[in-house]
Each structure stands twice: as C-alpha cells, then as structure tokens.
Amino acid sequence: MGRAVNRRIVDVRLVNIRDFARGARKTTDDRPYGGGDGMVMKPGPVFRALKSVDRVNGLSNVVLLSPQGTTFDQATAWELSRWDQLILVCGRYEGVDERIRLTSIDRELSIGDYILSGGELAAMVVIEAISRLRPGVLGGERSNLEDSFGDGLLEYPQYTRPKVFQGKEVPSVLLSGDHEKIRLWRRKESLKRTLERRPDLLQKARLSTEDKAILGTLQEDI
Ligand code: 4GX
C-alpha cells in the first residue's frame, strides 16, 4: 500500500465526519427513535462529510461498510478496482440513520460475519484488496491472477530453502526439474486443499477437464 501511494497509483484521503458536526459538543450520534440500546449516527454530519468530497468525473461509488452488507470477496474487489474513486463510509455505534443509506449509499459491503467496533478496519481491508489489483501496483513480473482465488482454488503448498527443516523434507517432485510433473503436482495439491478445506469454492471455481479428472481421483481416495 505504502509503495502504491508513493508511486501515485493510489491516493487515500481521510475525511473525519466529526469535522462536519455542529454545536459546542460536535456530536455525531444520538439516541434511536423508538428507544433501545446504543446510539445511531446522525444523518447531518455524514451527509455534509460526503458532500465535501470532490468527485472524480462527477460520479463515484459510495460504499457503506456494515455487517448488513453483501460479503466482500475477490470478485467484488476486481469489480471495485475498475472505479477511479471510491468513497468508503465507516460508521460507529449501531450504525447510520437509514436516510443516509437511502440518499447517499450506492452499495453496502461486509468484510465478514463478525462485529467490529467501527467500519475503519473493514475499509482498510477493502482498500488493500482493491489497490493491489490496480495496474502497476504489484510492480513485478508475476500476474495477480496467479494468486489465491485467481481461478477460485486455494494455493498449493510453497517451499523454499533449506531442503530439510525440522526433519521435514521438501517434496522431491519440486527438486526434480520436471516442470510438467511439478505443474500437475501443484494442481493436485490445490484441488486437494480446496476439496478438504473449502469445498464450497469448487462450485464457482473455473475447472478444466484435467482438473475434473484429478478431482475424480481425489474423491476416490476418500
Ligand atoms: N464488515 N462493523 C460498522 C457500525 C455500522 C452498523 C451498521 C453502518 C451500519 C463491519 C463488518 C462491522 C461494525 C462496521 C458496525 N455502520 N463492517 N459498524 N463486519 O462489523 O464491515
């Protein structure tokens, strides 16, 4: 992220909603109509904070981070990476007044089924996942598509030196120099891991005829 920002590929700006609060107390929250526990973010400060943001090309995608959103995944990251500007709204307390959702939010995203204290860390997760997909961020020769989820499968096991560590040897196929054998071994390990740990991913994965054949042998093994 730091490298991307230094190279002007990504620009992150922080807008503090509290700066748009009014009154001596600068309150951004208030008690919920209808009663109940917790506080709700007042619509005014959030609305004015959003109005203060210069929009690139006059349009932009305003995203609210919340547990009620659709789950952020790699496909969403790719989709959002096409936008030149994203405005990520981070709420605290029980959330924002519903009229902010209705007037100012284009989509609502959750980074997972757990409850944070605020949307800030969720926004940072989204920023990092998207930034690395922008052209030129990786800076290397390797394609982002090679990463986990590029084809919807989990990554194969990785090894580096030394050859033996804590009595455990690097699989001999990786030292064989036989690139076709190595490719097949890695593919099988990817499929095995996905089958064992995340069988749900196999539905959406892009599988070749070869993959399906390997999967068949793996399922026989069980
Ligand atoms: N993935 N939280 C947001 C306050 C809130 C609630 C409702 C707007 C609407 C979370 C997550 C998350 C906690 C951030 C509640 N704001 N955000 N906050 N999981 O748990 O994104």
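Note that these values count all heavy atoms, side chains included, but never hydrogens, waters or copies made by symmetry.
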- line: Between A205 and G152, the two heavy atoms sitting closest are CB-O, 3.9 Å
message: Would you compute the distance between atom OG1 of T76 and atom CG of D73 and round it to the nearest 0.5 angstrom?
response: 3.5 Å
Single hit among K192, R193, R186 for salt bridge (Lys or Arg N to Asp or Glu O under 4.0 Å) with E189: K192
field: Heavy atoms of other groups near D113 CG, more than 12 under 6.0 Å
entry: no
- prompt: Is it true that R107 and E79 make a salt bridge, defined as a side-chain N closer than 4.0 Å to a carboxylate O?
  reply: yes
Atom CZ of F165 with >12 non-hydrogen neighbours under 6.0 angstrom: no
field: Heavy-atom pair with the smallest gap, counting every atom of P43 and R99
entry: CG-NH2, 4.3 Å
statement: CD1 (I111) and CZ (F72) are apart, to the nearest 0.5 Å, by 9.0 Å
- prompt: Counting only N and O atoms by type, is there a donor-acceptor contact under 3.5 Å from the side chain of S104 to the main-chain atoms of R101?
  reply: no
query: Can you find a heavy atom in the side chain of L191 that is under 4.5 Å from one in the side chain of L218?
result: yes
field: Hydrophobic cluster membership, I87 vs V96, 4.5 Å side-chain cutoff
entry: yes
- request: Would you name the heavy atoms of A21 and T28 that are closest together and state the gap between them?
  value: CB-CG2, 4.0 Å
Side chains of R55 and L59 in contact at under 4.5 Å (non-hydrogen atoms): no
query: For the residue pair C90 and A123, what are the closest heavy atoms and their distance?
result: SG-CB, 3.6 Å
- request: Quick one: do R92 and E120 satisfy side chain to side chain contact (heavy atoms under 4.5 Å, CB included)? Show the steps, please.
  value: CA-CA 9 Å; R92 289 241 150 195; E120 296 85 353; 3.1 Å; yes
message: As an exercise, state the distance from CG of N6 to CE of M1, rounded to the nearest 0.5 Å.
response: 10.0 Å
Y93-I100 co-clustered via ILVMFWY side chain contacts under 4.5 Å: yes
task: Would you give the length of the straight line joining atom CG of L154 to atom CD of E196, rounded to the nearest 0.5 angstrom?
output: 10.5 Å
query: L86 and side chain to side chain contact (heavy atoms under 4.5 Å, CB included): which partner among V56, I127, L80?
result: L80
query: Is the number of heavy atoms from other residues, nucleotides or ligands under 6.0 Å of R22 CZ greater than 12?
result: no
- prompt: Is there a side-chain contact between I182 and S176, using heavy atoms and a 4.5 Å cut-off?
  reply: yes
message: Ignoring hydrogens, what is the shortest heavy-atom contact between T27 and K42? Give both atom names and the distance.
response: O-CD, 3.7 Å
field: E169 atom CD, over 12 foreign heavy atoms within 6.0 Å
entry: no
- request: Using a 4.5 Å cut-off on heavy atoms from C-beta on, say whether the side chain of Q68 contacts that of E108.
  value: yes
- prompt: If Ile, Leu, Val, Met, Phe, Trp and Tyr residues are connected whenever their side-chain heavy atoms lie under 4.5 Å apart, and connections chain through other members, are I130 and L121 in the same group?
  reply: no
message: If you count heavy atoms of other groups shown closer than 6.0 angstrom to CZ of R183, is the number above 12?
response: yes
- prompt: Is there a donor-acceptor pair closer than 3.5 Å between any side-chain N or O of D29 and the backbone N or O of V40?
  reply: no
- request: Check the pair S110, T70 against side chain to side chain contact (heavy atoms under 4.5 Å, CB included), reporting the backbone distance first and the verdict last.
  value: CA-CA 6 Å; S110 165; T70 56; over 6 Å; no
query: Under 6.0 Å from the CD atom of E128, do we count more than 12 heavy atoms belonging to anything else shown?
result: no
- prompt: Quick one: do V46 and I105 end up in the same hydrophobic cluster if we chain Ile, Leu, Val, Met, Phe, Trp and Tyr together by side-chain heavy atoms under 4.5 Å apart?
  reply: yes
- prompt: Rounded to the nearest 0.5 Å, how far does OH of Y33 lie from CD of E98?
  reply: 15.0 Å
message: What I'd like to find out is whether the side chain of K163 reaches to under 4.5 Å of the side chain of S172, using heavy atoms alone.
response: no
- request: Any chance you could measure L215, atom CG, to E220, atom CD, to the nearest 0.5 Å?
  value: 11.5 Å
- prompt: Checking salt bridge (Lys or Arg N to Asp or Glu O under 4.0 Å) against D151, which of R206, K204, R187 comes through?
  reply: R187
- prompt: Would one find more than 12 heavy atoms of other residues, nucleotides or ligands at under 6.0 Å from atom CG of D37?
  reply: no
task: For residues I115 and P67, determine if any side-chain heavy atom of one lies less than 4.5 Å from a side-chain heavy atom of the other.
output: yes
statement: Shortest non-hydrogen pair, G38 vs E94, comes out as CA-OE2, 3.6 Å
task: State, yes or no, whether a side-chain contact exists between D178 and V173 at a heavy-atom distance under 4.5 Å.
output: no
query: Cluster question for you: counting only ILVMFWY and a side-chain heavy-atom cut-off of under 4.5 Å, with indirect links fine, are W185 and L153 together?
result: no
- prompt: Is a side-chain N or O of R134 found less than 3.5 angstrom from the main chain of I9, in a donor-acceptor match?
  reply: no
message: Set out, in order, the CA-CA distance, both residues' side-chain angles and the distance that settles side chain to side chain contact (heavy atoms under 4.5 Å, CB included) for S131 and R3, then state yes or no.
response: CA-CA 11 Å; S131 296; R3 200 159 157 256; over 6 Å; no
message: Could you check whether any side-chain heavy atom of Q85 comes within less than 4.5 Å of a side-chain heavy atom of V53, counting everything from C-beta outward?
response: yes
task: Flag yes if more than 12 heavy atoms outside R48 fall under 6.0 Å of its CZ atom; otherwise flag no.
output: yes
